[in-house]
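In what follows, a single structure is set out as structure tokens and then discussed.
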Amino acid sequence: MGTILLILLFSLVQSLSYTSSTTQIQLPGVSLTLSVSDFGATGDGIHYDSFAIQSAIDACNRHYLSSSSICRVNFPPGTYLTAKLNLRSGVVLDVTENAVLLGGPRIEDYYPAETSSDLYMVVANNATDVGITGGGAIDGQGSKFVVRFSEKKNVMVSWNETGACLGDECRPRLVGFVDSTNVEIWNITLREPAYWCLHIVRCENTSVHDVSILGDFNTPNNDGIDIEDSNNTVITRCHIDTGDDAICPKTYTGPLYNLTATDCWIRTKSSAIKLGSASWFDFKGLIFDNITIYESHRGLGMQIRDGGNVSDITFSNINISTRYYDPSWWGRAEPIYITTCPRDSSSKEGSISNLLFVNITINSENGVFLSGSPNGLLSDIKFKNMDLTLRRWSNYSAGLVDYRPGCRGLVNHRATAGIIMEHVKGFSVENVDLKWSDDDDLNGAWNVPLEFRPSTVNNVSFVGFNSGSLHEVV
């Protein structure tokens, strides 16, 4: 049987452009295609096609098990209303252009489910050689899960109120791959999730490329891509426009190694890229390159709260625009936000080390926040070739430092600094320009380029650091 997708060389290639070299291997060739129409699917968007679609998936899986070759389940143009679908080994869903796979809004559409974490519209469990493509769309009808619409933040239904599940967020995720190997998702639109959109859990060798993720900008918890306890993952050429974290690695049950994300465009009311906050195990060997972050609440973030350690992370060739949104969303417009502190009194303190930020351009309403903790230091952090411009354009209030979740919560702060540091051991700056606008009526709030206490910050090096107002620079 052919190997799928990608075995990646994830080591950083030291070049002038600071980009990574990756090799992507595609799924094996398709030997059989089955149409859901031949199994009785109507595609009228009114009648449920769940049984017909699942029958086609199961037939494709039987072909794969007998021949070791990939089988596609084809969706002709139409709208296919469905309850939960279980994707199997050797099966690729081919949702063609002008075809929509539409998730049902009823609680019974997603049960039986052992736990709330098993609520998905489409999910593959313990599968190999599996994927989704076709040029069409998978739609979770997220608006039907809204209890009250709000420009600040929508109020969502939670099925735990019915006793059907436990937890704060009992809503179905859109697409999930769990305990699976050789996964490929490409040329597809994932839209309107009620909860997380694409969930990669304990998977090996995953490729996500040429995918559009479109969530409601006001809906909480509709993360773009959550990568959990998974290794050897590549995300490239994706467009993510959603309310919550866009690309979000997490560690619950094991470490996360070798993740590369490149050539993406992101807008979010939360963090564009965030490690955590679930962080019980280590993160190592992550590369983020050639990414545009547009008017997001946070740019590059780490919320390490549960004792896991972070090391060997590179952010390169990134354009960041961050602004304030309502404070009910985590974040205060920080373009770079690196924090480690215990979630609660029972949590451990993790460490963050060996971070490289190179070729970064920033336009932001707030400065950089680097905050370790007494037993969870930030160490060996390098800023190289950065251009940071601070100016205000929204009407939300400033003057707060956001430690959430846990830790110290929201803390009043007298001024907005270009870079705030605490509990840092080893910070180097090379060729960094920091500018701020004099036109903002902030009573001199931009007059602190750097803020740190020597008692908690040491081994600091500045080579080619320039700061001043925009007018002075001109």
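Numbering starts at 1 and runs along the sequence shown.
In terms of heavy atoms, Pro193 sits closest to Leu214 at CD-O, 4.0 Å. Here the closest non-hydrogen pair linking Pro255 and Asn231 is O-OD1, 3.6 Å. Closest approach of Ser364 and Ala333 over heavy atoms only: OG-O, 2.9 Å.
Looking at Asp229, its side chain does come within 3.5 Å of a backbone N or O of Tyr252 through a donor-acceptor pair. A distance-only check finds a donor-acceptor pair linking the side chain of Asn154 to the backbone of Ser150 [under 3.5 Å]. Listed for the Glu97 side chain is no donor-acceptor partner under 3.5 Å among the backbone atoms of Gly134. Not one N or O on the side chain of Ser277 forms a donor-acceptor pair closer than 3.5 Å with the backbone of Gln303. Judged by distance alone, the side chain of Ser279 and the main-chain N or O of Arg305 form a donor-acceptor pair under 3.5 Å. The backbone N or O of Ser428 lies less than 3.5 Å from no partner atom in the side chain of Ser461, so there is not a single donor-acceptor pair. Between the Thr219 side chain and the Gly243 main chain, no donor and acceptor come within less than 3.5 Å of each other. Side chain of Asn182 to main chain of Asp129: no donor-acceptor pair is present (N/O by atom type, distance under 3.5 Å, no hydrogens or angles). Not one N or O on the side chain of Asn222 forms a donor-acceptor pair closer than 3.5 Å with the backbone of Trp196. A donor-acceptor pair is defined here as one N or O able to donate and one able to accept, closer than 3.5 Å; such a pair exists between the side chain of Asp326 and the backbone of Ser328.
Disulfide check for Cys264/Cys238 fails, with the SG atoms at least 2.5 Å apart.
Judged purely by distance below 3.5 Å, without hydrogens or angles, the side chains of Asn218 and Lys153 never pair a donor atom with an acceptor atom. Asn290 and Thr262 share no donor-acceptor pair across their side chains, judged by distance under 3.5 Å alone. One side chain, Ser316 or Asp289, offers a donor N or O that lies under 3.5 Å from an acceptor on the other.
Outside the 6.0 Å centre-distance limit, the rings of Tyr403 and Trp330 are not counted as a close aromatic pair. In this structure, the ring of Phe383 has its center no less than 6.0 angstrom from the ring center of Phe315. Between His297 and Trp329, the ring center distance fails the sub-6.0 Å criterion. The distance between the ring centers of Tyr120 and Tyr110 does not fall below 6.0 angstrom.
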Item checked: Trace of the ring pair (Phe, Tyr, Trp, His ring centres under 6.0 Å) decision for Tyr325 with Phe217 -> CA-CA 11 Å; Tyr325 289 98; Phe217 202 56; 5.6 Å; yes

Check: So Phe177 and Ile132, side chain to side chain contact (heavy atoms under 4.5 Å, CB included) or not? Walk me through it.
Finding: CA-CA 11 Å; Phe177 293 87; Ile132 300 174; 3.9 Å; yes

Margin query: Between Asn319 and Tyr294, is the side chain to side chain contact (heavy atoms under 4.5 Å, CB included) condition met? List the steps.
Written below: CA-CA 8 Å; Asn319 291 312; Tyr294 177 73; over 6 Å; no

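In this view, Ser180 and Ala124, Ala127, Val183, Cys203 satisfy the side-chain contact (heavy atoms from CB on, under 4.5 Å) rule, not counting sequence neighbours. In this view, Tyr396 satisfies the ring pair (Phe, Tyr, Trp, His ring centres under 6.0 Å) rule with no residue, not counting sequence neighbours.
Looking at Arg298 and Glu334, a side-chain N of the basic residue comes within less than 4.0 Å of a carboxylate O on the acidic one, giving a salt bridge. Remark: Glu365 does not engage Arg391 in a salt bridge, criterion side-chain N to carboxylate O under 4.0 Å. Electrostatic pairing of Arg191 and Asp216 does not count as a salt bridge here, judged by no charged N lying under 4.0 Å from a carboxylate O. Remark: Asp223 does not engage Arg173 in a salt bridge, criterion side-chain N to carboxylate O under 4.0 Å. Note on Asp402 versus Arg332: no salt bridge recorded, every NZ/NE/NH1/NH2 to OD/OE distance being 4.0 Å or above. One finds no salt bridge joining Glu295 and Arg267 here, because no Lys/Arg side-chain nitrogen approaches an Asp/Glu carboxylate oxygen to under 4.0 Å.
Shown here is Lys425, whose NZ atom has no more than 12 heavy atoms of other residues, nucleotides or ligands within 6.0 Å.
Aromatic ring pairs are classed by plane angle as parallel below 30°, tilted from 30° to 60° and perpendicular above 60°; the pair His209 and Trp186 is parallel.
The OG1 atom of Thr181 sits 10.5 Å away from atom CG of Asn232, with the distance rounded to the nearest 0.5 Å. Here the CG atom belonging to Asp312 is positioned 9.0 Å from the CG atom belonging to Leu355, to the nearest 0.5 angstrom. In this structure, the separation between CD1 on Ile273 and SG on Cys248 is 10.5 Å, given to the nearest 0.5 Å.
Under the 6.0 Å distance and 45° angle rule, Arg171 does not count as a cation-pi partner of Tyr195.
Proximity of Ile420 to Phe452: side-chain heavy atoms (C-beta onward) are nowhere separated by under 4.5 Å. Looking at Leu377 and Ser351, their side chains never come closer than 4.5 Å, going by heavy atoms from C-beta outward.
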